[in-house]
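Just follow the structure's listing: the first ligand is 1, and inside any ligand the first atom is 1. In this chain, residues are counted from 1 in sequence order.
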Amino acid sequence: MNYLLRLLDGAAGISCHSGEIKPGWVFVAIRGRVTDGNGYATEAVCRGAKAVVTDAPDRLPPLAVPVAVVPDARQALAALAAHFYNHPSRSLNIVGITGSNGKTTVAFMLEHIFRTAGHLPGLIGTVRVNVGKTSFPSRLTTPDAASLQRYLALMRDSGVTHAAMEVSAQGVEMSRVDHVAFSCGILTNICADHLDFHHTFAGYLAAKERFLTLLGTSPLVVNSDDEHCRRMAALAGGPVVTVSLARPADVTAQILHTTAYGSKFRLTWNKLPGCQDIPAGQITVSLPLPGRHNVANALLVGAAALLHGTAPGELAAAFCSFKGIERRLEIYRCGGFTVIDDTALNPGSIDAVFATITSFRYRRLVVVNAIRGGRGAAINALNAACLARWQYALPFELIVTASADQVGPADTVTSQERQAFLDSLSRAGAAFSFYVDLQTAIRSALQRLYDGDLLVLLGAQGMDAGRQVLQEQISTSAQPRPATDFAIGTRP
Ligand SMILES: CC(=O)N[C@H]1[C@@H](OP(=O)(O)OP(=O)(O)OC[C@H]2O[C@@H](n3ccc(=O)[nH]c3=O)[C@H](O)[C@@H]2O)O[C@H](CO)[C@@H](O)[C@@H]1O[C@H](C)C(=O)N[C@@H](C)C(=O)N[C@H](CCC(=O)O)C(=O)O
């Protein structure tokens with residue numbers, strides 16, 4: 001390793017992407033799933049790379065710069081990047097948030113609480129990267145190791161002290177978060193997802209278990225209402241703080257009142273490990289986010305905030321002022337009807353949306369669901385069965401459409417993926433209409449909607465186009481009606 005670290009002497013940067021290389025940088029060539037980084041080494045040297053690191057020297061062309069051979073290029077990238085930026089995570093409080101659903105909401109909620117408690121916060125996740133008040137676009141939930149360490153160094157050098165970071169299973173599996181010192185971990189829930197990457201549920205669980213190894217002896221906050229999370233907590237190397245809505249735990253919630261626009265609950269905690277100065281206590285929280293799953297998210301956030309010394313009074317105030325985030329059970333008005341917009345990429349998140357809707361009052365329900373493509377297509381059969389099950393429980397008109405899972409063309413829905421999804425829906429007994437074009441699907445939904453109806457947009461980021469179509473319809477005069485319009489209670 002010393003020889004490797006000496007490569008960094010005088011280096012100006014490090015990257016695994018040739019396009020990012022600047023003079024004096026070190027290029028780490030990674031054999032990937034789509035292409036081989038070794039094939040870009042010449043380009044990296046032409047851009048001024050001072051050295052190249054590889055775990056496949058036989059795939060490298062002759063180069064006029066030093067080449068270091070390592071057992072695993074991904075792990076070497078993480079180790080070199082952490083060393084190059086002088087281990088920024090050691091100067092930060094970083095809460096690593098992992099799980100199938102809820103990572104983004106938990107991360108934004110925790111960032112908000114850290115800010116309200118007077119810290120300069122940071123956030124790394126699916127929607128964006130925040131360094132204090134500066135925002136950067138996000139291509140991945142968990143960036144590659146070099147980009148990640150770069151962000152962490154920027155946070156440290158900008159005075160950030162507390163950061164919330166989404167840790168994806170892919171990110172763990174690909175060593176992106178190796179050499180990150182987490183002050184705490186959060187395990188939200190575990191359902192079959194990302195089968196495109198891990199291929200089996202066991203593989204997905206193994207990635208989550210590897211996160212616990214990386215967490216070391218730092219505390220783990222775990223949702224003990226989730227069976228897989230309970231089992232995994234037993235593998236933690238440090239103290240475990242359990243949170244639950246339904247059973248005895250270190251941190252619990254008693255829901256007092258829910259409406260379409262939020263929940264009121266009593267949050268109670270025991271004396272937490274490592275929190276000498278915060279005795280057991282209780283606060284009443286008004287959370288302006290609907291749904292039981294958001295109370296579960298708030299429990300995880302509350303536990304992590306208390307572990308980081310947030311005073312109970314500050315915690316209650318911070319929850320009350322949290323505004324939520326786009327496309328996570330986001331509710332807005334569109335003329336006389338209401339729209340719920342959620343990325344809902346897997347059965348767990350689809351369940352969370354419909355479980356919340358069961359207590360809403362509306363005239364009719366219309367659902368537009370965007371099929372996942374590319375990497376996400378592996379989950380489509382499970383999503384179709386989940387939609388059919390909910391259509392049986394809550395009759396609704398289902399409109400299906402195709403849309404890019406992410407922005408990249410690699411994720412457009414192929415005709416095979418589309419037909420496979422529609423066949424899964426038919427087999428499960430669902431009634432639906434299909435429109436290839438997302439905007440036509442939304443327009444078709446709009447023609448069926450009247451005052452008092454509820455429109456639900458489910459699916460990938462490609463659904464952003466749907467919002468633009470809706471915005472055309474949202475009359476400037478329409479103001480959000482009081483929550484009483486959707487008071488929880490008897491449905492028509
Ligand atoms: C499956 C997966 O995670 N792939 C990620 C991985 O790709 P890879 O290692 O297979 O790399 P590759 O694209 O084959 O390229 C090989 C190497 O050549 C390099 N290269 C490539 C092209 C070039 O011109 N020059 C160059 O040097 C690349 O930087 C890379 O190091 O490393 C790449 C570089 O960092 C990522 O862009 C790529 O993310 C792709 C786009 C992706 O969609 N990933 C998804 C699956 C993902 O990671 N999702 C998770 C979870 C999301 C969730 O929770 O739902 C996430 O953290 O975002």
Side-chain angles (χ1 to χ4, degrees), residues 14-21 25-47 49 52-56 59-60 72-78 80-81 96-107 124-129 137-151 165-177 188-199 203-204 207-208 211 327-328 343-346 348-349 372-379 383 404-412 459-461:
I14 181 169
S15 175
C16 64
H17 197 289
S18 56
E20 290 180 345
I21 294 294
W25 283 39
V26 171
F27 174 62
V28 180
I30 292 176
R31 286 173 293 151
R33 296 180 166 216
V34 175
T35 183
D36 182 350
N38 290 286
Y40 301 93
T42 304
E43 178 198 339
V45 172
C46 290
R47 288 174 178 271
V52 172
V53 178
T54 180
D55 56 15
R59 293 169 174 237
L60 271 184
D72 181 313
R74 291 186 197 281
Q75 290 178 9
L77 177 70
L80 285 169
I97 304 151
T98 196
S100 303
N101 297 304
K103 296 191 294 294
T104 302
T105 302
V106 167
I124 294 177
T126 309
V127 177
R128 58 177 163 274
V129 173
S138 177
R139 264 183 2 93
L140 292 172
T141 296
T142 303
D144 70 81
S147 305
L148 175 59
Q149 294 291 341
R150 203 173 299 140
Y151 283 130
M165 176 176 149
E166 293 184 56
V167 178
S168 65
Q170 283 92 337
V172 172
E173 183 98 4
M174 302 178 103
S175 295
R176 300 178 199 166
V177 297
T188 61
N189 48 60
I190 295 181
C191 74
D193 192 2
H194 307 310
L195 297 180
D196 56 313
F197 183 85
H198 300 284
H199 305 306
Y204 183 55
K208 296 292 178 209
F211 170 67
R327 305 215 63 225
R328 266 66 177 183
T343 50
L345 295 175
N346 59 46
S349 42
R372 297 194 63 178
R375 306 174 311 275
I379 200 78
N383 284 354
D405 209 357
Q406 310 276 352
V407 182
D411 300 304
T412 346
Q461 275 103 343

Side chains of His17 and Asp144: does their closest heavy-atom pair fall under 4.5 Å?
no

For ligand 1, which part of Arg139 has a heavy atom less than 4.0 Å away: the side chain, the backbone, both, or neither?
side chain

Does the side chain to side chain contact (heavy atoms under 4.5 Å, CB included) test come out yes or no for Met165 and Thr142, once each step is laid out?
CA-CA 8 Å; Met165 176 176 149; Thr142 303; 4.3 Å; yes

Among Arg33, Gln170, Arg176, which residue places a heavy atom closest to atom 5 (C) of ligand 1?
Arg176

Going by heavy-atom distance to atom 29 (O) of ligand 1, choose the closest among Cys16, Pro143, Ser15.
Cys16

Numbering the atoms of ligand 1 from 1, which are under 4.0 Å from a heavy atom of Thr142?
56 (C), 57 (O)

Atom indices of ligand 1, in the order listed, that fall short of 4.0 Å to a heavy atom of Ile30:
16 (C), 17 (C), 31 (O)

Is a donor from one side chain sitting under 3.5 angstrom from an acceptor on the other, for Thr98 and Lys208?
yes

Going by the order shown, which atoms of ligand 1 are within less than 4.0 Å of some heavy atom of Gly37?
17 (C), 18 (O)

Which atoms of ligand 1 are found less than 4.0 Å from any heavy atom of Lys103?
54 (O)

At a non-hydrogen distance cut-off of under 4.0 Å, which region of Leu140 contacts ligand 1 (side chain, backbone, both, or neither)?
both

As an exercise, identify every atom of ligand 1 less than 4.0 angstrom from a heavy atom of Phe27.
27 (O)

Going by the atom numbers of ligand 1, which of them fall below 4.0 Å from some non-hydrogen atom of Gly32?
8 (P), 9 (O), 10 (O), 11 (O), 14 (O), 16 (C)

Here the atoms of ligand 1 under 4.0 Å from any heavy atom belonging to Asp144 are 35 (O)

Which of the atoms of ligand 1 are close to Val34, meaning less than 4.0 Å from one of its heavy atoms?
10 (O), 13 (O), 14 (O)

Run the side chain to side chain contact (heavy atoms under 4.5 Å, CB included) test on Thr126 and Arg328 for me, step by step, so that the C-alpha distance in whole Å, both residues' side-chain angles and the decisive distance to 0.1 Å come before the verdict.
CA-CA 12 Å; Thr126 309; Arg328 266 66 177 183; 4.1 Å; yes

Ser138 (side chain) donor-acceptor with Gly125 (main chain) under 3.5 angstrom:
yes

Are any of the N or O atoms of Glu43 closer than 3.5 Å to those of ligand 1?
no

Of the side chain and backbone of Arg31, name the one, both, or neither that has a heavy atom under 4.0 Å from an atom of ligand 1.
neither

Could you tell me whether Met174 approaches ligand 1 through its side chain, its backbone, both or neither, with non-hydrogen atoms closer than 4.0 Å?
side chain

Side chain, backbone, both or neither: which applies to Ser168 and ligand 1 if a contact is any heavy-atom pair less than 4.0 Å apart?
side chain

Ligand 1 and Asp36, any nitrogen or oxygen pair closer than 3.5 angstrom?
no

